[in-house]
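Notes to accompany the following structure.
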There are 2 protein chains.
Amino acid sequence: MLQLDFRDRQPLHEQIKEKMKMLIIRGVLQPDEQIPSVRELAQSLTVNPNTIQKAYKNLETEGFIYSVRAKGSFVAPHPQKHAGHHPRRKVLLAELEKIVAELMYLREPKEQLFNVIHAIYAKKEVE
Amino acid sequence: MLQLDFRDRQPLHEQIKEKMKMLIIRGVLQPDEQIPSVRELAQSLTVNPNTIQKAYKNLETEGFIYSVRAKGSFVAPHPQKHAGHHPRRKVLLAELEKIVAELMYLREPKEQLFNVIHAIYAKKEVE
DNA sequence: TCTACCGTATTATGTGGGTTAATACAGTTG
DNA sequence: CAACTGTATTAACCCACATAATACGGTAGA
């Protein structure tokens with residue numbers, strides 16, 4: 001299901017969190033859809049169940065999934081309106097600024113960045 | 001000069017690298033300007049000289065500074081033309097996609113992202 | 001030349017996080 | 001009852017981070 005890089009210095013639980021987050025954001029996993037159990041995913045990725053649980057715990061804290069004892073873990077419903085005070089928002093915008101600043105430093109054309117954003121937002125409207 | 005967060009889990013040498021990178025990108029430090037020596041910055045930040053050296057070494061690898069034995073470390077000249085094959089470019093664009101995708105998920109208006117980019121690129125033209 | 005400073009390298013040491021491992025508990029499902 | 005869920009706890013190992021002490025080679029100024 002997911003592909004991990006065991007040689008990367010990024011922790012496995014973070015890699016798992018990021019990949020799962022992407023699948024949810026991109027709509028590959030639908031709201032209320034059940035995701036693999038802790039033990040099942042651990043076995044298929046050949047990692048320890050604790051590593052999966054840490055990833056799932058963080059995903060739940062960030063609002064991407066919800067877990068029900070003895071039933072399983074599921075994709076959380078998508079946000080319905082723009083929450084300007086969302087805790088993640090400030091972090092994301094700050095990161096965005098850093099990246100754009102460095103791309104500008106490398107003489108990346110501004111229009112290219114617009115194209116990237118357009119492509120992502122256009123994709124969303126399809127799903 | 002720089003401000004570090006010793007409680008942050010981000011390594012000190014990475015914090016130093018990122019802050020210095022920002023000062024260079026934003027034009028606070030001019031090309032060929034000398035930056036603090038390893039020992040000097042170590043003392044003023046109350047960290048070990050080895051930590052500074054690791055930050056400087058990575059900054060040099062990424063092309064933001066250059067170091068001359070027995071003379072000091074200096075801000076590298078800015079890139080003059082867009083290098084589409086630059087190693088950092090691919091990484092930065094990939095990160096950009098991740099962040100924009102998550103902001104879209106949080107229902108951030110597309111126009112807001114455009115404004116951020118506009119502001120950064122506009123700032124550059126002043127300097 | 002002497003002194004002070006520069007970048008750079010090496011080795012040793014302590015600490016904390018990431019990961020694995022082995023259990024255990026509580027609740028649901030068939 | 002059996003098999004599966006999420007969750008919690010404890011111990012152990014490894015490695016990156018950071019510190020510390022020291023040294024080498026080259027430059028600059030008194």
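Residue numbering restarts at 1 for every chain, and letters A, B, ... go by the order of the sequence lines.
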Hey, which sits more toward the 5' end of DNA chain C by its nearest nucleotide, A:Arg69 or B:Ser37? B:Ser37
Tell me: CG of A:Leu41 to P of C:dT20, nearest whole Å? 12 Å
Atom-pair distance (CD on A:Glu40; P on D:dT5), nearest Å: 6 Å
Which pair of heavy atoms, one from B:Phe64 and one from A:Glu102, lies closest together, and at what distance? CZ-OE2, 3.6 Å
Under 4.0 Å: is that the gap between some side-chain N or O of B:Lys71 and OP1 or OP2 of C:dC5? no
Side chain of B:Ala70 - closest among D:dG25, D:dG6, D:dA28: D:dG25
For B:Tyr56 and C:dA9, give me the distance from atom OH to atom P, rounded to whole Å. 16 Å
Between B:Leu113 and A:Leu93, is a side chain to side chain contact (heavy atoms under 4.5 Å, CB included) present by the stated rule, with each step listed? CA-CA 8 Å; B:Leu113 305 188; A:Leu93 287 178; 4.2 Å; yes
Within the 4.0 Å limit for protein heavy atoms, which parts of nucleotides 11-19 of chain C are touched? Write it as a string from 5' to 3', B for base, S for sugar-phosphate only, - for none. -------SS
Starting at CD of B:Gln34 and ending at P of D:dA28, how long is that distance when rounded to a whole Å? 11 Å
Heavy atoms, side chains only, cut-off 4.5 Å: are A:Leu45 and A:Ile52 in contact? yes
Can you measure B:Asp8 atom CG to D:dC17 atom P for me and round it to whole angstrom units? 14 Å
Rounded distance (Å) that lies between atom P of D:dC15 and atom CZ of A:Arg7: 16 Å
Using atom types as modelled and distance alone, determine if a side-chain donor or acceptor of A:Glu33 lies under 3.5 Å from a backbone N or O of A:Gln30. yes
Which heavy atom of A:Lys110 sits nearest to which heavy atom of B:Ile117, and what is that distance? CG-CG2, 3.9 Å
Using only modelled atom types and a 3.5 angstrom limit, is any donor from either the side chain of B:Arg39 or the base of D:dT22 paired with an acceptor on the other? no
Is the shortest side-chain N/O distance from B:Ser73 to OP1 or OP2 of C:dG7 below 4.0 Å? yes
Among the nucleotides C:dG7, D:dA8, C:dC6, which one has an atom lying closest to any side-chain atom of A:Gln53? D:dA8
To the nearest Å, how far apart are B:Lys17 NZ and D:dC17 P? 11 Å
Mind checking side-chain hydrogen bond (donor to acceptor under 3.5 Å, both in side chains) for A:Ser37 and listing every partner two or more places apart, or none if nothing turns up? none
Out of B:Ile24, B:Leu29, B:Val28, which one pairs with B:Arg26 under the side-chain contact (heavy atoms from CB on, under 4.5 Å) rule? B:Val28
For A:Phe6 and D:dC15, what is the distance between atoms CZ and P respectively, to the nearest whole Å? 16 Å
